[in-house]
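These notes are about the structure you will find just below.
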Amino acid sequence: MRFDKLQDWLQWQESCHPNEIELGLERVGNVAKAMAVSLSDCQVITVAGTNGKGSCVATLNALLLSAGYRVGCYTSPHFLRYNERVMLNGFPVDDRTLMKSFQRIDDARAETALTYFEFGTLAALDIFERSALDVVVLEVGLGGRLDAVNIIDTDVAVVTSIDVDHQDWLGSDREQIGREKAGIFRVGKPAISAGLNPPASLRLAAQECGAEFYQAGQHFRYDDTRWSGTNLSQQTVEYSDLPEPRLPRESVAAAIQAIQLLPLPVAGTDYAILNDIQLPGRFQQINIKGKQVILDVAHNPAAASYLSRRLQSQVCRGQTFALMSVMNDKDLDGIVTALNATIDSWFIADQPNNNRAMLASEMAAELAQHNIESIDISKNIQQACQRVLSLMEKADRLVVFGSFFTVAEVLTLHDAQNGHHQEQHQE
């Protein structure tokens, strides 16, 4: 084996391709073919979108497991441990399993250069191929049409809500981005649109490729405690007295619809668990040094607006502090506009070890453009977190947001205080 430690494998993968991102299916598809990876013996659900992908995947995973199925789940990025990306029946795979798969990929690729993400995607698919699963849930990393996940033909495609993000790769407006996301649709297969206000390009793309299109609010809906939708036989299905889900209702509704369209019995699904399904970094509430901290990976205006609504719906007797750090390609103006009325004081920080991160001085300048006066700048996220916690009263709350990196830094700090394992994070 090339390496005997997972971290060595991951560091090596970062240098195997000259570009961090290289969209396209030919290279990764050829390696998958050489490895005989197809997932043809199980059902596949692929989830794309801008916001809500992780919530949809988490809901699918939990509900399918509750129905007694053997489930593989691939997501990205991870927060604390790389193993979080590949789940088998609700548990992260171990280091040895990942390393053996990486070695098989290395042997099969010959001279083909693969990115860090492509290595991880192939490893997940290879592990799933060998695990005798009933259902595999795949989360698209970026876009859809040219994402490595799309080498697998899906049985049910889900596209969650779409916003303008990753414009350099996906296009400058929601219509262009929607078409890229719709690249996961397949002829004759269900294509689910989870957003209540989707770009027209989604439906058009489904029509052009011959997919069966299911639109939230039209073909399925989740109102109050009732979900209604359509099964594989085009019969109406209803569930009542459902609990209030912790994750975004749009994503949960689409997950339930996706399960109805699988050629599998779903009568044993336990929908009572919807109130228990949680996801790290999605309005995740923790306690650090006796202070309330809310972690959310919101990093575009739509996600920030959703975060703002969640904050406003929750009673806070004290002040709301923000700890924010974003990547330099994000719409900071839109993010700040969405959250400005909800935040009392802003704490921002540099990320000196992340060349994608926006400088704190640039973030401060943008906040000043919004006439925000309470701005505190730190040299890193750990310093900012310690500083804001020292200033908070018991009735206050801290909201950490802006990127997976930002949330992961605070989670690492929290876990270090509780003696948990830490690992380098990559988005």
Side-chain angles (χ1 to χ4, degrees), residues 1-4 6 9-10 13 28-47 53-54 56-78 81-109 114 116-141 147-158 184 186 189 255 258-259 261-266 268-270 273 277 279 423:
M1 186 174 288
R2 184 185 288 269
F3 303 104
D4 59 7
L6 179 59
W9 272 105
L10 298 177
Q13 288 169 22
V28 69
N30 287 339
V31 178
K33 186 175 181 181
M35 298 175 69
V37 169
S38 67
L39 300 188
S40 57
D41 293 334
C42 63
Q43 293 295 307
V44 177
I45 303 175
T46 303
V47 182
K53 287 184 299 182
C56 185
V57 169
T59 303
L60 284 165
N61 185 50
L63 291 179
L64 288 165
L65 287 172
S66 79
Y69 291 112
R70 296 164 297 178
V71 184
C73 198
Y74 174 56
T75 61
S76 65
H78 63 277
R81 299 185 66 219
Y82 185 91
N83 312 58
E84 298 166 20
R85 297 180 178 224
V86 186
M87 306 283 284
L88 286 177
N89 297 316
F91 297 96
V93 296
D94 58 56
D95 289 7
R96 189 71 183 171
T97 299
L98 281 166
M99 290 190 294
K100 288 170 69 175
S101 184
F102 287 151
Q103 186 62 58
R104 288 191 289 270
I105 296 166
D106 195 23
D107 293 340
R109 73 183 182 90
L114 297 172
Y116 179 95
F117 179 77
E118 289 168 342
F119 258 104
T121 300
L122 284 169
L125 300 179
D126 174 58
I127 292 166
F128 296 156
E129 185 79 33
R130 297 165 177 270
S131 299
L133 300 172
D134 299 308
V135 186
V136 167
V137 183
L138 303 174
E139 179 185 345
V140 170
D147 187 88
V149 163
N150 204 32
I151 62 172
I152 299 296
D153 286 329
T154 190
D155 295 289
V156 180
V158 180
I184 65 170
R186 294 295 190 271
K189 299 294 185 179
I259 290 172
L261 297 172
L262 291 173
L264 298 171
V266 294
T269 307
D270 182 8
I273 67 172
I277 304 171
L279 197 57
E423 181 180 297

Is any side-chain heavy atom of [X] less than 4.5 Å from a side-chain heavy atom of [Y]?
X	Y	value
M87	V93	no
I151	V37	no
N61	V137	no
L133	L88	yes

Are the side chain of [X] and the backbone of [Y] linked by a donor-acceptor contact shorter than 3.5 Å?
X	Y	value
K53	V140	yes
T154	T46	yes
E84	R81	yes
D147	N150	no

Task: Evaluation steps, side chain to side chain contact (heavy atoms under 4.5 Å, CB included), between D153 and V44 - done: CA-CA 8 Å; D153 286 329; V44 177; over 6 Å; no
Minimum-distance pair of heavy atoms, taken over all atoms of [X] and [Y]:
X	Y	answer
A108	M35	CB-CG, 3.4 Å
D126	R130	OD1-NE, 3.0 Å
T59	I277	CA-CD1, 4.1 Å
C56	A255	O-CB, 3.9 Å
Y82	G120	OH-CA, 3.1 Å
S101	A123	OG-CA, 3.2 Å

TODO: Verify side chain to side chain contact (heavy atoms under 4.5 Å, CB included) between V158 and V57, making sure each step is shown before the conclusion.
DONE: CA-CA 10 Å; V158 180; V57 169; over 6 Å; no
Nearest 0.5 Å, please: how far is [atom2] in [Y] from [atom1] in [X]?
X	Y	atom1	atom2	value
L60	I45	CG	CD1	4.5 Å
L64	N89	CG	CG	11.0 Å
R104	L122	CZ	CG	11.5 Å
L125	I152	CG	CD1	5.0 Å
E118	Q13	CD	CD	11.0 Å
L264	I259	CG	CD1	10.0 Å

- [ ] Could you check whether the rings of W9 and F102 sit parallel, tilted or perpendicular, using 30° and 60° as the cut-offs?
- [x]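 Rings of W9 and F102: tilted, 30 to 60°.
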- [ ] Check step by step if side chain to side chain contact (heavy atoms under 4.5 Å, CB included) holds for D4 and M99.
- [x] CA-CA 8 Å; D4 59 7; M99 290 190 294; 5.6 Å; no
Task: Pairs involving residues 62-73, ordered by first then second residue, that meet side chain to side chain donor-acceptor pair (under 3.5 Å) (sequence neighbours left out) - done: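 Pairs touching residues 62-73 that pass the test: R70-D134.
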Task: Residues forming a ring pair (Phe, Tyr, Trp, His ring centres under 6.0 Å) with F128, sequence neighbours excluded - done: none
- [ ] Apply ring pair (Phe, Tyr, Trp, His ring centres under 6.0 Å) to Y74 and list each qualifying residue two or more places apart in sequence or on a separate chain.
- [x] none
Task: Heavy-atom neighbours of R2 CZ exceed 12 at 6.0 Å - done: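 Enclosed.
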